Amino acid sequence: MLLIKNVKVNGEITNILINGNQVSDISKNINEMMDVPCLDGKGRTILPAFVDIHTHLREPGFESKEDITTGLMAAVSGGYSAVCPMPNTNPVTDNKYIVSYIKNRAKEVGLARVFPIGAISKGLKGEELAEMASMQKAGAVAVSDDGMPVTNSNLMRKAMEYADGLGMITISHSEDKSLAEGHANEGANATRAGIEGISRVAEEAMVAREILLADSLGTAVHIAHVSTTNSVDLVRWAKAKGIKVTCETCPHYIVGTDELILDYDCNAKVNPPLREEKDRQAIIAGLIDGTIDAIATDHAPHTKSEKDREFALAPNGISGLESAFSLCYTALVESGLISLQRLSELMSKNPSDILNLPCGALEIGGLADFVIIDTEKEYEIDSSKWYSKGKNTPFNGYKVKGQVMTTIVDGNVKFNRESEERI
């Protein structure tokens, strides 16, 4: 058992009693009990722990960038109780054995929940469907060829049909590679920097294709890392039409623009690329009106040597698990654009609902996965202090507000910033 006292729920100070891995009571009248550990929340806000439905733990195959241990340390220090790693590992997560390996490694580490996402196609080659049914039995919760879009429309159609029959959702990495041969958003800033641009149509054309396929099949599809104005508009249109489409964006599209590439900082190189201010505003509008369902990190750690090179040669990706909440809280809640409750939905409940995960609620009888936030804490982002091996972020030095203090998973404290406690 665990008693969490003096925490703020919906603006009111209360106490929460956890029995096993479930909430047994929520009341300000719960008293401390002998032999029951007590955690003092010090009047801070408690929320359902965050759920990242798009992350990269890099293991197996790319442990120099990240491994499951360091990735989950980063997750809990960022307030996440659950993460969904993408299948672009080596070997590719396209079979039950790799899914089982990831699940077992996560269980050994014992920090956050891990729900693997299996590949759509074998080897991410876009030629033959992967073994979805066996991956699902091993613990995969969705399928995606993230990083390598399915260019064959008929294969994507079959994937959506097959996944739907299994009760799984297909996640689209929406990118037409033939229109995406550059290294930054095609626009004035890429021209100024002398960097070959990537057309926004590379994303939008594939978003449109997935929507039309979902409409014709009557199946669901989830669009990953939406970044452009037209992508938001397409999803908004699809939802108005009743098409089963959900989508996510990432903190870097909420906070950053392609101005960050002007000093050739390869930490700002990401796929899809950072866009223009009009796109950033469209993303925010989509978060406000419900067009965009979730915020995912697309946590993509790389080594320093990989990022410290010529812009065109550096890999895409931003490390994001440990800065996601503070960046979003500062940009969206502190600015008055959305409520903290709405941000919680975007980072916890909605991601859980999209993939049908048992997370995302703070209620009696619910799973005891929580994050305690100091909403008044101001600090400067410093990735050198992160637990992730990936220090690659363009937001170093940003002054933000709202810091994760404690993360509780399955009724157990997994991270406590004040004591640097990990159990």
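The structure displayed is predicted, hence computed values, not measured ones.
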Restricting to side-chain hydrogen bond (donor to acceptor under 3.5 Å, both in side chains), what partner residues turn up for S335, sequence neighbours left out?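 Applying side-chain hydrogen bond (donor to acceptor under 3.5 Å, both in side chains) to S335 gives none.
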Taking side-chain hydrogen bond (donor to acceptor under 3.5 Å, both in side chains) as the definition, give me every residue that meets it alongside S121, ordered by chain and number, with sequence neighbours left out.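 With neighbours one apart ignored, the set is D145.
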What heavy-atom pair brings F415 and V404 nearest, and what distance separates the two atoms?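 So the minimum-distance heavy-atom pair works out to CE2-O, 4.3 Å.
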Minimum heavy-atom separation for Y253 and H225, please, with both atom names.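 Closest pair (atom of Y253, atom of H225, distance): CE1-CB, 4.0 Å.
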Listed once per pair and sorted, the salt bridge (charged side-chain N to carboxylate O under 4.0 Å, His left out) pairs that draw on residues 45-62, sequence neighbours left out: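 Non-adjacent pairs meeting salt bridge (charged side-chain N to carboxylate O under 4.0 Å, His left out): E59-R105.
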Got a sec, which pairs hit salt bridge (charged side-chain N to carboxylate O under 4.0 Å, His left out) with one end in residues 297-311, sequence neighbours left out?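 Pairs touching residues 297-311 that pass the test: K65-E306, K304-D308.
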Is there a side-chain contact between [X] and [Y] (heavy atoms, below 4.5 Å)?
X	Y	value
H222	E248	yes
D146	L124	no
L340	I373	no
V92	I98	no
H302	C266	no
T393	N267	no
I195	Y264	yes

Residues two or more places apart in sequence or in another chain: which of them pass ring-ring contact (aromatic ring centres under 6.0 Å, His included) with F115?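 Counting only residues at least two positions away or on another chain, F115 forms no ring-ring contact (aromatic ring centres under 6.0 Å, His included).
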Restricting to ring-ring contact (aromatic ring centres under 6.0 Å, His included), what partner residues turn up for Y329, sequence neighbours left out?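 With neighbours one apart ignored, the set is F325.
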With F62 as reference, evaluate N90, N88, D67, L57 under the side chain to side chain contact (heavy atoms under 4.5 Å, CB included) test and give the passing residue.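 The single option meeting the side chain to side chain contact (heavy atoms under 4.5 Å, CB included) with F62 is N90.
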Quick check against the 3.5 Å criterion: does [X] have a side-chain atom that pairs as donor or acceptor with the backbone of [Y]?
X	Y	result
N350	D293	yes
E203	S227	yes
S100	K96	yes
K401	T375	no
D176	V201	no
N392	G317	yes

Do E334 and T330 have side-chain atoms, one donor and one acceptor, less than 3.5 Å apart?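 The criterion, which ignores hydrogens and geometry beyond distance, is not satisfied for T330 and E334.
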Ignoring hydrogens and angles, state whether a donor on the side chain of E277 or T257 is under 3.5 Å from an acceptor on the partner side chain.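 Judged by distance alone, the side chains do not pair up.
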Option passing salt bridge (Lys or Arg N to Asp or Glu O under 4.0 Å) with D374 (candidates R44, K8, K42):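 Considering R44, K8, K42, a salt bridge (Lys or Arg N to Asp or Glu O under 4.0 Å) with D374 is found only for R44.
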Determine, stepwise, if the pair S81 / D369 fulfils side-chain hydrogen bond (donor to acceptor under 3.5 Å, both in side chains). CA-CA 6 Å; S81 67; D369 286 10; 3.2 Å; yes
Can you list the steps and then say if V143 with L166 is a side-chain contact (heavy atoms from CB on, under 4.5 Å)? CA-CA 11 Å; V143 290; L166 294 170; over 6 Å; no
Test side-chain contact (heavy atoms from CB on, under 4.5 Å) on S319 and K391 and set out the steps. CA-CA 6 Å; S319 185; K391 315 301 182 184; over 6 Å; no
Is there a side-chain contact (heavy atoms from CB on, under 4.5 Å) between H252 and F395 once you walk through the steps? CA-CA 9 Å; H252 38 275; F395 304 118; 3.9 Å; yes
Spacing of CE belonging to M73 relative to NZ belonging to K414, to within rounding of 0.5 Å: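 Atom-to-atom, M73:CE and K414:NZ are 13.0 Å apart.
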Please assess V232 against I283 for the test side-chain contact (heavy atoms from CB on, under 4.5 Å), listing each intermediate value before the final yes or no. CA-CA 7 Å; V232 176; I283 292 293; 3.9 Å; yes
